[in-house]
Amino acid sequence: GAGVSQSPSNKVTEKGKDVELRCDPISGHTALYWYRQSLGQGLEFLIYFQGNSAPDKSGLPSDRFSAERTGGSVSTLTIQRTQQEDSAVYLCASSLDGNYEQYFGPGTRLTVT
Amino acid sequence: AQSVSQHNHHVILSEAASLELGCNYSYGGTVNLFWYVQYPGQHLQLLLKYFSGDPLVKGIKGFEAEFIKSKFSFNLRKPSVQWSDTAEYFCAVRRSYGQNFVFGPGTRLSVLP
């Protein structure tokens with residue numbers, strides 16, 4: 001079956017602009033996660049959804065970052081007023097529910113110039 | 001704060017050498033443990049996982065890991081590496097009652113042919 005998909009695969013934006021990153025989880029997976037992977041760094045947890053609600057937003061680095069999930073499926077991560085330090089690969093993962101392993105998408109590489 | 005450490009940033013081995021990658025985590029209580037691998041240009045994918053039971057778990061491609069609760073460790077091993085094992089390896093920990101995964105910084109493995 002189809003895996004986790006993310007779009008766009010690459011995004012170059014100017015400092016100060018807003019960007020939206022999209023994640024389509026595996027069908028039937030109720031849990032969805034966003035991570036950020038900077039060059040040479042591990043995975044930094046951003047936010048976790050169970051269904052449409054986000055019980056854990058503890059990883060969002062600032063109020064410029066927000067995420068939503070609609071219909072228990074697609075999720076959008078929005079970064080407002082992007083900064084150069086936002087440049088990273090943003091990874092999405094889904095899980096059957098919160099108790100199982102995560103399946104990762106290919107990521108969106110964001111470059112802020 | 002929760003943390004996961006991986007002992008080596010970059011490991012270089014020749015084919016047929018034995019591999020052990022260290023992973024330690026910082027908190028007690030019940031945990032679920034995972035090793036993920038990211039081959040060049042590919043998604044993160046699950047190598048193996050530990051939830052309960054036998055602390056020696058076997059994963060794909062001949063990898064195994066041993067959970068030693070007293071040492072807060074979950075080291076990854078493979079008796080004989082191949083060039084195709086060249087990748088980045090991430091250890092991840094999740095408290096069983098919570099849904100947040102904490103990833104280590106990753107270890108890059110280079111296997112020389």
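Heavy atoms only: backbone and side chains are in, while hydrogens, waters and symmetry mates are out.
At a threshold of 4.5 Å between non-hydrogen side-chain atoms, the residues A:L43 and B:V102 do not count as touching. Taking the side chain as every heavy atom from C-beta outward, A:Q37 and B:F90 approach each other to under 4.5 Å. When side chains are defined from C-beta on, B:Q45 does not count as touching A:F104, because their heavy atoms never get closer than 4.5 Å.
A:E44 does not touch chain B: none of its heavy atoms, backbone or side chain, sits under 4.5 Å away.
The heavy-atom pair separating B:H43 from A:V4 by the smallest distance is CE1-O, 4.5 Å.
A single hydrophobic cluster is seen to contain both B:F74 and B:Y89, as judged by linkage of ILVMFWY side chains at heavy-atom distances under 4.5 Å, directly or through other members. At a threshold of 4.5 Å between side-chain heavy atoms, the hydrophobic network of Ile, Leu, Val, Met, Phe, Trp and Tyr places A:L110 and A:V89 in two separate groups. The hydrophobic cluster containing A:L91 does not contain A:L77, counting ILVMFWY residues as joined when their side-chain heavy atoms lie under 4.5 angstrom apart, directly or transitively. Under a hydrophobic-cluster definition in which Ile, Leu, Val, Met, Phe, Trp and Tyr are linked whenever side-chain heavy atoms come within less than 4.5 Å, directly or via other members, B:F67 and B:L19 are assigned to the same cluster. Under the 4.5 Å side-chain heavy-atom criterion for Ile, Leu, Val, Met, Phe, Trp and Tyr, A:L32 and A:Y90 are members of the same hydrophobic cluster.
Within the model, atoms CZ of B:R94 and OG of A:S95 stand 7.0 Å from one another, a figure rounded to the nearest 0.5 Å. Taking CG of B:L44 as the start and OH of A:Y103 as the end, the distance is 13.5 Å to the nearest 0.5 Å.
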Q: Show your reasoning for whether ring-ring contact (aromatic ring centres under 6.0 Å, His included) applies to A:F45 and B:F101.
A: CA-CA 7 Å; A:F45 168 77; B:F101 282 61; 9.1 Å; no
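No more than 12 heavy atoms of other residues, nucleotides or ligands shown are found within 6.0 angstrom of CD on A:E14.
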